[in-house]
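Since this is a predicted model, take the numbers as computed values, not measurements. Here is how names work: the chains are called A, B, and so on, in the same order as the sequence lines, proteins then strands, and each is numbered from 1.
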Amino acid sequence: DIKIKTLENLASYIGAEIKAEPLEETDIAALWATSEGRRRVLEYSADRCRLVMEAFEEFIEYGCQLSNLVCIPLDHVCAAAVGFRVESYLMKCSRLFGELIPKRVEKPYRPYAGAIVLNPKPGLHENIAVLDFRSMYPNIMMKYNVSPDTYVEPGVEIDPEDVYVAPEVGHRFLKKPDGFYREALRRLLEARAEVRQRLEGLSPESAEYRVLDARQKAIKVVTNAVYGYAGWIGARWYRRPIAEATTAWGRETLRKTIEYARSIGLDIIYGDTDSIFVRYNEDKVEKLIRYVAEHEGLEIKPDAIYVRILFTEAKKRYAGILSDGRIDIVGLEAVRGDWCEAARRIQREVVKIILETGSPDKAVEKARGLIAEVKAGKVPLRELVIWKAITRPIEEYKVRAPHVEAAKRLIKMGWEVGPGDKVGFMIVKGSGKLYDRVRPYQFVKREDVDYSYYVENQVMPAVLRVLRVFDYDRESLETVRQRGQMRLF
DNA sequence: TCTAGGCATGGGTGCCTATATCT
DNA sequence: AGATATAGGCACCCATGCCT
């Protein structure tokens, strides 16, 4: 998806070409003074209109399909939150199934336990397969008939033969009849299977393919959101035990799968919620897939096989290279929108060299050079902008966070900044806390930039995150003195 | 009103202690 | 000598954005 929601980023995401020369919003007022300036503004604006149109054309098929599926008008469905899309779909189902639609009632928020995340084995691994459960939560909900109308309240006496009992939490669900969620989910899964079947044999360029592909994507999105919906406090069909039981069965399923995988000698490197990373062995993986199908009634499939994959000690962060040379970076700074582009670019570079060569040596060399460049200020200013979202009205913040201080400065100058806006800021030279040295990026001059901040607090941490695995530290990345100079001392 | 919980991370905040400075 | 100010270290919390 798109980290910073600019039209430029949207254009590059959909593969549209930007034709007009870029203008800074802050310069437009000045350009308006001359006829040449106004011509440039016109060209710029017309180009942006064209990009919006192209983006619309890219989206419209999916939008229509989603609108049709969940029964929300096209102009609403784009802005509607996922929860409301699911709810609207369920309301449509309730009519089909002869169910009454419950009223929204206020309930106290109480969190519940979620998924299992394994500690990764840090280091560089080769030939690692990622095995994923296909739609784990929807399938668990269907398998155990998890639904508001099959839930048996505690204290109600019932034959244990007639219910499924969730592990750890003990919630009970009737085996018969089919619950509302089971029916709604089955309808979605069957519809998607049918659409995908019709896709086979069609040319990806044909209009029919585009429509059907958009349809199956829309169905998938709604299917995968049903579990989250069930645990959403604002949902009409909210039942905490449903969400709690679903994750409990998910944990059990993953645990059993890991246990069996180990028992047949598969080496497990990592796992998260519904996936396990194992050292690839075709026969053993085949055996595991068969086991899960037979004993759990669920489907796992190899999602990717990494030629090399790098884990740090942290969960949810890794980078791997596929046999075609493509690199996946997950969770690391390089894919986070709240790190400056210079840090992200240099981390990407380091990761790429490590994964391609299988050793950190060349990466360290490269990193030293790139870090020296930042230290010397030889880096485009744009690459030093840090973006962070404002999530609430400014006066509600309890701490003087840098991005909030930047937002305050913008507001003082007449800008409107509120929840949902992203603030781009930079750190300038000076003393005191960070919030005294933060400025909205539009007003920062090159000579004021605190390059040492960027080296110490952005580039170094991002690079070391990856290189620490190989026992490199901060000192080893500082530019090394020449041997000739050393002799002078 | 804007699906869920799990997780890493940076920076602010507030407390404690050691030391410096003042009365 | 005792009171007060200041700096540094530490634990904790706030805030954000990612992963599944």
Is there a side-chain contact between A:Y318 and the phosphate of C:dT20, meaning an N or O under 4.0 Å from OP1 or OP2? yes
Is A:K316 side chain donor-acceptor paired with the C:dC19 base, going by distance under 3.5 Å alone? yes
Under-4.0 Å side-chain N/O to phosphate OP1/OP2 contact, A:R392 with C:dT16: yes
Respond yes when some side-chain nitrogen or oxygen of A:H403 is under 4.0 Å from OP1 or OP2 of C:dA15, and no when none is. no
Going by atom types only, do A:Y451 and A:R446 share a side-chain donor-acceptor pair under 3.5 Å? yes
Reckon A:N457 has a side-chain N or O less than 4.0 Å from the OP1 or OP2 of B:dG11? yes
Below 4.0 angstrom, N of the basic side chain to O of the carboxylate: do A:K121 and A:D267 qualify? yes
Side-chain N,O (A:Y435) to OP1/OP2 (C:dC14) below 4.0 Å: no
Look through every strand shown and name the nucleotide pairing with B:dA8 as Watson-Crick or G-U wobble, where both distances are under 3.5 Å. C:dT16
So which protein nitrogen or oxygen atoms get under 3.5 Å of nucleotides 5-9 of chain C's nitrogens or oxygens?
none

If you measure only the distance, is there a donor-acceptor pair under 3.5 Å linking the side chains of A:R308 and A:N127? no
Are A:D178 and A:R186 within salt-bridge range, i.e. N to O under 4.0 Å? yes
If the threshold is 4.0 Å, N to carboxylate O, is there a salt bridge linking A:K429 and A:D448? no
Please lay out, stage by stage, how A:K143 and A:Y164 fare under the test side chain to side chain contact (heavy atoms under 4.5 Å, CB included). CA-CA 10 Å; A:K143 180 179 171 188; A:Y164 297 112; over 6 Å; no
Phosphate oxygens OP1/OP2 of B:dA8: is one of them under 4.0 Å from a side-chain N or O of A:R465? no
Rounded off to whole Å, could you give me the OH-to-P distance for the A:Y229 and B:dT3 pair? 11 Å
